[in-house]
Colleague: 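Below is a structure I'd like to ask you about.
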There are 2 protein chains.
Amino acid sequence: MTRQMRGGEAAGRPVQPSDTRRASKADQVYENIKEAILSGGLEPGVAIDKIALSERLGMSRFPITTAINRLAYERLVVIEPQHGSFVAKISAEDVRELMLIRRSLEAEIAGDAALRLGAEALAELERSLRYQEAAAAARDYAGFYALDVEFHRLIIVGAQLRHAKEILEGIRTHLERIRRLLLTPPGRLPNTLAEHRSVADALRARNPAAAREAMRTHLIETTVLFETIARERPNLFSA
Amino acid sequence: MTRQMRGGEAAGRPVQPSDTRRASKADQVYENIKEAILSGGLEPGVAIDKIALSERLGMSRFPITTAINRLAYERLVVIEPQHGSFVAKISAEDVRELMLIRRSLEAEIAGDAALRLGAEALAELERSLRYQEAAAAARDYAGFYALDVEFHRLIIVGAQLRHAKEILEGIRTHLERIRRLLLTPPGRLPNTLAEHRSVADALRARNPAAAREAMRTHLIETTVLFETIARERPNLFSA
DNA sequence: GCTCAACAACTAGCATGCCAGACGCTAGTC
DNA sequence: GACTAGCGTCTGGCATGCTAGTTGTTGAGC
């Protein structure tokens, strides 16, 4: 549905580059708190003090409340009425489920993309792969991770799937939080690169079934990684 | 992440039955407007007059604003800052994409459910199928539709997938809106019943691949139906 | 020492008033 | 007649104070 929306208002989605409108205060607070939660600055379970926050940021409680409502919708914050707002905890079970969703969606999208991607999009993927190779050679883990995210995003955007993009971004937000908390080691980098290559090959060949399978395989490997690490550090998860 | 949340506050999700807490005013307004949009009482594109609404419902603008923010997050409403809030329009392209998402997710979930569903959940599915047969025999289309929705929900809940449940409910909201606008004829009812039966059979056999395929086939048929109808009535869609 | 009820100190929810920005209309100009 | 500038009126965004509900505490009674 969705005419396009202004700079993130009433939604947690990234601002369209074409949208020159300034961000509202609620938008700023939203980004602010979200980043704090993702980075671990705000640990799971801690209460968010709206009044202190409003004083610190020099604004009224209204934008804070709006922002927290948004975060609650994304399940990054839990609101207990007449009691308080708290940073949502993490459960190990979520990893399994979020990856299941991501796996099924991205596999299907890859199949769709094999039929719909234009030459330009394919070229962009190819370029991304080159950068990934360079980052891998340079052992630039942070850079590679950013390119990894971008690679997946390119496929979704290329297939022109707005809703799926939003859903997957919401999922990635949660996975990103877990990833940062766990400090996922970048040991699988070469495998990831090879798997990306397989996906791109299938897309270029316009083979939907192969693209689906390649993406599914790739994300199964990622799931295994997540779950292995989660098992090694159970203390970070709540019941 | 998600401790469970109170009666829908800051989210558009259904109230947990275990949650006895009363709904806030914002919750009520949210349900109110949502139902109006889904039923077509509020047509795509019309402006929502917050002040008139607050006067009519006997409350301040605050709960209205909160509710509309929530609806904007769900893409049922579009907020144009300093200008107005409008009922979101519908695009034909959305049908394709929403069904793609639903198809991939529910297929994967069916595969998961084949491994995880307990005897009780399987029995519930069986009972649902009996009711569906009864509704089909009685030509009770509305009843069958409700059972249809319930059938899919049972599988998701049985697989204990909270996030997927929420995502799919959001998607169903949009599809439901389209369905009602289009007044989808119930002609495929016998086929639907047979397809449901196939899914349940595969689940009982604990065969993930078969369950995935059965669900995928079922939803591909549904997609075709949606798109056929959408083609016949293009005037209902915006560009 | 234990129980439980009353209270104090919080919170989110809500009401209300104001402000700034967007849009439509009109009047003035060419 | 067409166009544009400016003004009025609408909207959402925000500030602030109040209300009601939850929770932890404390102290009285046993």
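Computed from a predicted structure; not experimentally measured. Because only heavy atoms are used, hydrogens play no part in the values below, and waters and symmetry mates are left out as well, while side chains stay in. Each chain gets a letter, A, B and so on, in the order its sequence line appears, and its residues count up from 1.
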Colleague: Starting at CD of Glu80(A) and ending at C1' of dG13(C), how long is that distance when rounded to a whole Å?
Modeller: 15 Å
Colleague: Expressed as a whole number of angstroms, how long is the span from Asp49(A):CG to dC10(C):P?
Modeller: 10 Å
Colleague: Report which part of the nucleic acid Thr65(B) touches: base, sugar-phosphate, or nothing (heavy-atom distance under 4.0 Å, all strands).
Modeller: nothing
Colleague: Could you tell me the separation between the CG atom of Asn69(B) and the C1' atom of dG12(D), rounded to a whole number of Å?
Modeller: 10 Å
Colleague: Gln82(B) side chain: which of dG12(D), dA12(C), dC14(D) is closest?
Modeller: dG12(D)
Colleague: Working to the nearest 0.5 angstrom, can you tell me the gap between Ile64(A) CD1 and Leu53(A) CG?
Modeller: 4.0 Å
Colleague: Please report the distance, rounded to the nearest Å, between NZ in Lys25(B) and C1' in dG13(C).
Modeller: 9 Å
Colleague: The side chain of Ile79(A) lies closest to which of these nucleotides: dG13(D), dC14(C), dG13(C)?
Modeller: dG13(C)
Colleague: For the pair made of CD1 in Ile64(B) and C1' in dA15(C), what is the distance, rounded to whole Å?
Modeller: 12 Å
Colleague: Given atom CG of Asp27(A) and atom P of dG12(D), what is their separation to the nearest angstrom?
Modeller: 16 Å
Colleague: Check Arg116(B) with Glu97(A), please: is the shortest side-chain N to carboxylate O separation under 4.0 Å?
Modeller: no
Colleague: Using whole Å, report how far OH of Tyr30(A) lies from C1' of dG13(D).
Modeller: 19 Å
Colleague: Lys50(B) has a side chain; which of dA15(C), dG12(D), dC14(D) sits nearest to it?
Modeller: dG12(D)
Colleague: From the options dT16(D), dA15(C), dC23(C), select the nucleotide whose nearest atom is closest to the side chain of Met59(B).
Modeller: dA15(C)
Colleague: Between Gly84(A) and Phe62(A), who's closer to the 5' end of DNA chain C by nearest nucleotide?
Modeller: Gly84(A)
Colleague: To the nearest angstrom, how far is Ile48(A) atom CD1 from dA12(C) atom P?
Modeller: 9 Å
Colleague: If you measure from the Lys or Arg side-chain nitrogens to the Asp or Glu carboxylate oxygens, is any gap between Lys165(B) and Glu169(B) under 4.0 Å?
Modeller: yes
Colleague: Taking only the side-chain heavy atoms of Ser24(A) (C-beta and beyond), determine which of dC14(C), dT23(D), dG13(D) contains the nearest atom.
Modeller: dG13(D)
Colleague: Return the nearest nucleotide to the side chain of Arg61(B); candidates are dC14(D), dT11(C), dA15(C).
Modeller: dC14(D)
Colleague: Which heavy atom of Arg177(B) sits nearest a heavy atom of Lys89(B), and at what distance?
Modeller: NH1-O, 4.3 Å
Colleague: Any luck finding a side-chain donor-acceptor pair between Thr65(B) and Lys50(B) under 3.5 Å?
Modeller: yes
Colleague: So which one's nearest nucleotide on DNA chain D is more toward 5', His83(B) or Ser60(A)?
Modeller: His83(B)
